[in-house]
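Notes to accompany the following structure.
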Amino acid sequence: MGVFDSGVGGLSIAKCIAEQLPHENIIYVADSLHAPYGEKSVDFIIKRVNTIAKHLMAKGVKALVIACNTATVNAIEQLRAQVSIPIIGVEPAIKPAAKQSISKKIAILTTQATSENQRFKDLIDLHHNGAQVLIQPCPGLVEFIEQGKHHSPACNALLRQYIEPLVNQEIDTLVLGCTHYPFVQQQISTIAGKHISIIETAAPVTLQLAKKLAEMNLTACHTQQGKTQFFSSLVNKQQEKIFSQLWQASLTLHTLDHN
Ligand code: DGL
């Protein structure tokens, strides 16, 4: 299957898929040359999503996972209209967060583009379950993670700037609405404190994917050991190092044919 994101964020989803569905082959594509999508126009995001989907379809993938909230809310509908294989998107886990919130005050960390998107706003209207939902766009955060600088004091300061006001407003649940953010979950958790629970989407997306594959008789044969290949629109030694660190294993990064 093809799994893609604007950059390294979708590795948080791909890792869960590789662990939970070990017989599946994965082609991971990062559009790092054009990251972050969160600061780009809707037209630009749609164009990139279509280019990458075309690339993955040419490689014969049986399903596509848009491992990016920003690309999902902006481009999944138009992609589904063009493509006949199953497409699984990633959207912020508002429903489970609102359901479990006792204070009935939750917050979502997102990219700028997601925070402005109508599909995202509709999702909140549909699933808030009476909870107040605070939306916190986090410009600059994806860049730190893309550059492998997410453990730096500067990144920590940025996280504090975004999270402390939410803590002061007494939220009890925080949704990670961008697939890059699980890579700073430890820092987020330290700033937020033990009483705030943090929700991300890798496990439910993997479950949804497994269900879809089973429904369509596309599940890989259990005798095969799945492999993961990695492609990016920006390949160099530094990128390969960042990918390997986040994947927690040494890997080879290949160049995406059609940038
Ligand atoms: N990882 C992506 C998301 O889930 C996009 C981040 C970006 O490129 O701005 O929204």
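In each ligand, atom 1 is the first atom listed, and ligand 1 is the first ligand listed.
The protein heavy atom nearest to atom 10 (O) of ligand 1 is Thr70 OG1, 2.6 Å. Scanning the protein for heavy atoms near atom 9 (O) of ligand 1, the closest one is Gly38 N, 2.7 Å.
In summary, the aromatic rings of His150 and Phe144 are positioned with their centroids too far apart to meet the 6.0 Å limit.
Near Tyr37, with a cut-off below 4.0 Å to any heavy atom, the atoms of ligand 1 are 7 (C), 8 (O), 9 (O). For ligand 1 and Cys178, the ligand atoms under 4.0 Å from any heavy atom of the residue are 1 (N), 2 (C), 3 (C), 4 (O), 6 (C), 10 (O). Less than 4.0 angstrom separates some heavy atom of Val142 from each of these atoms of ligand 1: 6 (C), 7 (C), 9 (O).
Of the possible donor and acceptor atoms, none in the side chain of Glu200 sits under 3.5 Å from a partner among the backbone N and O of Pro92. Between the side chain of Ser12 and the backbone N or O of Thr179, at least one donor-acceptor pair lies under 3.5 Å. No donor-acceptor pair closer than 3.5 Å links the side chain of Tyr37 to the backbone N or O of Ala71. Proximity of a side-chain donor or acceptor of Asp5 to a complementary backbone N or O of Ala30 within less than 3.5 Å is not detected.
The residue from Gly177, Ala67, Ser6, Gly7 that puts a heavy atom closest to atom 8 (O) of ligand 1 is Ser6.
In terms of N/O distances under 3.5 Å, ligand 1 is approached by His180.
Heavy atoms of Asn69 found under 4.0 angstrom from ligand 1 belong to the backbone as well as the side chain. Under 4.0 Å from ligand 1, the heavy atoms of Asp5 that appear belong solely to its side chain.
Asn69 and Thr114 share no donor-acceptor pair across their side chains, judged by distance under 3.5 Å alone. A donor and an acceptor atom, one from each side chain of Asp31 and Ser233, are located under 3.5 Å apart.
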